[in-house]
Amino acid sequence: MVDISPREAEVLALVGEHLSNAEIGARLFISVRTVETHVSSLLRKLAVPDRRALAQRVPELAVSGPAQPVPVLPAPLTSFVGRVRERTELTELTRAHRQVTAVGPGGVGKTRLALAVAAEAAGGYPDGVWFVDLVPVADPGMVATAVAGALGLGDQPGRDMTESVVAALADHHALLVLDNCEHVLDGVAPLLERLLAACPAVTVLATSRARLMVPFERVYQVPPLSLAADGRSDAVALFMERAAAVGWPLDPPLREQVASICERLDGMALAIELAAARYPTLGLDGITAALSHPLRMLTGGSRADERHRSVRAVLDWSHALLEPADRTLLRRVSVFVAPFTAQAAAEVTGFVHAAAEVTGFEHAAAEVTGAGGAAEVAGFEGAAEVAGAEEGLVAEGLARLAEQSLLVVTASPSGTRYRALETIRQYGTERLTEAGELVDARSRHLRWCLAQAAGLTETVADWRVRFDAVADDLRAALAWAADRAEQRADACRLAGFLAELTFTRHLTAESQQRYEQAAVLADDPAVTASMYRQAAAVAGCRTIGDDMYRLRRAAADAARRAGDTAGAAGDLATAATTAYRFSSKFVRIPSPAEALALLTEARELAGDDPAARAAVALAEAGVLSDAFGAAQGPPDNAVPETIARAERAVELARRTGDHLAESAALDALTAAHSWAGDNLAVAATAQRRIMLLTGTPDTPAGTHELIDALGMVTEAGLGAGDVPGARRWARQLAGHPALAEVGHLATYRLLMVEALAGNATEVLTGSVRFLDGWRRSGSPAQPGLAPAAVGVAMIHGLRDDQAARGEWQEILDQLGTSAGGLTYGYGAVFDAMLLLHQGRAPEALERMAPEPGEVWKWVTWIWLHWYVALRAEAAVLAGSPEARDRLVEARTIVAGNPVADAMVARAEALLDGDRAALLGTAAAFEVAGCRYQSGRTLLLAGGADAERGAAVLRKLGLAPMSAGVHGLIRPGR
């Protein structure tokens, strides 16, 4: 009986529903990494190779779990009344059409109807129902981010949020509910066009005051509640239900009077709910009298708009019944787009001094502008001067507004929060404008947002919760301030704060956008340059080379405007370096001539500035000597010159004291050593780089440099035969928070390590995360990932699972490859390992026929020592007359590499028939962390040792070696 924990059972049930790790995390409210841990544990416990096989085991294990995904829908605070016909009609439309928009004026009940339909239809969508509230989204460009958040998706480096959403839903049969689309139509429409085209099994139900105007849209006009003459209408039922809910049930004989009120309100759901909330204080007669003032309904600009007439009437009426101070409070809290606390309301509404001066503006308690303002806040004047007392008065006012159904109250771990429904919030904003208070209220909200953002830059335990609670308000304040010349400085500061905060929150696409926005808003070109540099670093974390290059050039232009020629030189040189150092991350790779022109200009501007000279030296190593082995680089390097230039770049960077600059230069030196075939120097330099970056702050530039350094030190460790070290660095890389949402980028180097070490169990577990992340990213062509795919395919070959091997060969075809690397580098190494395991030494020898010098660029770096050692072993096992010469040559090249040394020694022991020496290499492999090679050696020794070797392979999850390679040394030797 397999021991599966309750949480593992939940995860397994959702794997059986073919949900991604992100979707499972969102459903169970756990992190993606936790989901991955449970999936890995299940793979191990159930002894299955991959996620597909895991899903197939769900029925036989009878794992308890929901028969259908639980809809991810908000829980309404009140019951849903009536609307039987509308629910039926809208449900039928969603079944027949892929995109349906429920259209109607504010307050007609679109959201509640859509929620009811979605809940009832959930059983027809095996991959779930997802709800996205767009009310807090102020920027149309953030619609995809809101949808991604609802789906549990994070940023995918190298792609925008729309692509991530489309990839996540591409093969899902799901219902997506988009609520309140009208104010972000420009963002909703393009997203839906992409979604509907790429996700054939996804249905979208939207609510909006206006149609979305997208292809395939089917519009459903949501009518007011029915007004039957007999008093048994949906409108009357709603009024009586809500009146009873506040403790004042109505007798049936009063239905006719209620029906008259509902008819006056035109059956508008929100209007009826607000009227019912007044019943305990006014009674039916009082409500009827209050609705007898038609001028309140029909005057004032858009109030004459037919769509808004009824709800405006009841809002005007409800507003008029409030005390003056409560009117002021209602309109001023309308600036909040997300739930807010009483303390926040007290600060933003102007009744309490802000906690800290952030912008230099004076904060005046009880600041009021506009006619009648003094009278309206009279209830607050004379309150205690201490903030706590004033906050208490505001809290009392918020409670009164909630009692009148003008605010919704929710409990949260951080305290009670209040929220105005969107219709009421928009009404309050209009009232602010009429009172002449809009600018002052928005300004106070902006100052509050700046204070919140500044406080969030300090790390605290509940940082993520606190940021998520205010993020939408920060965005809304920025959207308002960015369009006002007098607020430009504060807008720039808030954009900078938001850029930093969203980076910490791993919303890297938004972080780059905000840094670029701050750059545009800055009045000082020096600040503009700094913001563009930060944006370029975030683009690096997103693996978007084109943006890194563009933004560094933009920074150079800004630095020139600021008179900072040295800074401009550094930016131009860094752009040139980027073109070569990260050439694989580009869509349009800058030409050598373009990069050389930037380098030339940087030289002219650098002068004697140490930082600029260091940046120029690094560009010279990259552009002139192709230290990084760029796609646009020459086929050959003058190796001594490359090393010399890289060493000069390291020395100049070291003198500046800038660890990030020195790390980049060490990266060039690491690569330069590889061209010389000095794998031990490569590994030592890569580790030196890691030590330099220890303790680097989690800034965009620091994070980008550290992730790159971890990747390089992993590969360098493999190239030098340090398997335990490479595994350690690879695991640190796989666990980096910045890569949590991109499992393929996080794990591919760890897969390379474990594949070369022959650890099938670890490869199978890691390949699940790799494949999930790659597919969620849209299965992009990324040749840099090809070595991992080839390694996984080899492991399936070692397991004798040809079907799985074929699947990974297909994945390799989609990833794309570098022809030389697949033919001579990683491809030759992994193919040779499999062929030797299968006893096909002559084929392995043929596969590695080229001399290392003939395929120099493809077997340097990781692969040189592996290639040379495997080639020598293949020669021995194939009986090649050149075997002895190859052993001598190999021993010289791989000296100092514990794994390759042992492989060459093993081949020599086989050639000499020296059993004792052969068994000695088995121990050497064990010490070096290569248990597969140790077990293989025992099988080669034969006799009593062969069974021990077979046990090692079984424990690693591998099939036995071909019988033809057992016991190649005769007993007694």
Any side-chain to backbone donor/acceptor pair from [X] onto [Y]? Under 3.5 Å, distance only.
{"X": "T817", "Y": "P783", "value": "no"}
{"X": "T502", "Y": "A499", "value": "yes"}
{"X": "D609", "Y": "A611", "value": "yes"}
{"X": "S674", "Y": "A671", "value": "yes"}
{"X": "W861", "Y": "E715", "value": "no"}
{"X": "S583", "Y": "A631", "value": "yes"}
{"X": "T703", "Y": "P700", "value": "no"}

Applying salt bridge (Lys or Arg N to Asp or Glu O under 4.0 Å), name anything that partners [X], two or more places apart in sequence or on another chain.
{"X": "E510", "value": "R475, R514"}
{"X": "R553", "value": "E594"}
{"X": "D557", "value": "R560"}

**Report entry** CA sep, side-chain torsions, deciding dist, call: K585, D708, salt bridge (charged side-chain N to carboxylate O under 4.0 Å, His left out)
**Finding:** CA-CA 12 Å; K585 307 299 189 295; D708 183 75; over 6 Å; no
Query raised in the report: Between the side chains of Q517 and Q513, is a donor N or O closer than 3.5 angstrom to an acceptor N or O?
Result: no
Query raised in the report: With a 3.5 Å cut-off and no angle check, do the side chains of T747 and R769 form a donor-acceptor pair?
Result: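 No, no side-chain donor-acceptor pair sits under 3.5 Å.
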Query raised in the report: Hey, do the aromatic rings of F770 and W774 have their centres closer than 6.0 Å?
Result: no
Does some side-chain heavy atom of [Y] sit less than 4.5 Å from a side-chain heavy atom of [X]?
{"X": "L501", "Y": "L474", "answer": "yes"}
{"X": "V538", "Y": "F503", "answer": "yes"}
{"X": "D626", "Y": "K857", "answer": "yes"}
{"X": "L456", "Y": "W463", "answer": "yes"}
{"X": "M794", "Y": "V790", "answer": "no"}
{"X": "S625", "Y": "R645", "answer": "yes"}
{"X": "M531", "Y": "V527", "answer": "yes"}

Could you list all the ring pair (Phe, Tyr, Trp, His ring centres under 6.0 Å) pairs where at least one residue sits in [range], not counting sequence neighbours?
{"range": "residues 640-664", "result": "none"}
{"range": "residues 709-741", "result": "none"}
{"range": "residues 672-705", "result": "F582-H704, W675-W856"}

Which value, rounded to the nearest 0.5 Å, describes the distance between [X] atom [atom1] and [Y] atom [atom2]?
{"X": "R493", "Y": "L498", "atom1": "CZ", "atom2": "CG", "answer": "13.5 Å"}
{"X": "M833", "Y": "L756", "atom1": "CE", "atom2": "CG", "answer": "6.0 Å"}
{"X": "L618", "Y": "L666", "atom1": "CG", "atom2": "CG", "answer": "10.0 Å"}
{"X": "L652", "Y": "D658", "atom1": "CG", "atom2": "CG", "answer": "12.5 Å"}
{"X": "L680", "Y": "N897", "atom1": "CG", "atom2": "CG", "answer": "7.0 Å"}
{"X": "T577", "Y": "L599", "atom1": "OG1", "atom2": "CG", "answer": "8.0 Å"}

Query raised in the report: Could you walk me through whether R648 and E651 pass the salt bridge (charged side-chain N to carboxylate O under 4.0 Å, His left out) check?
Result: CA-CA 5 Å; R648 179 172 179 270; E651 177 58 24; over 6 Å; no
Query raised in the report: More than 12 heavy atoms of other residues, nucleotides or ligands under 6.0 Å from CG of D524: is that the case?
Result: yes
Requested in this report: Please lay out, stage by stage, how R613 and E620 fare under the test salt bridge (charged side-chain N to carboxylate O under 4.0 Å, His left out).
Outcome: CA-CA 10 Å; R613 291 180 60 221; E620 289 173 340; over 6 Å; no
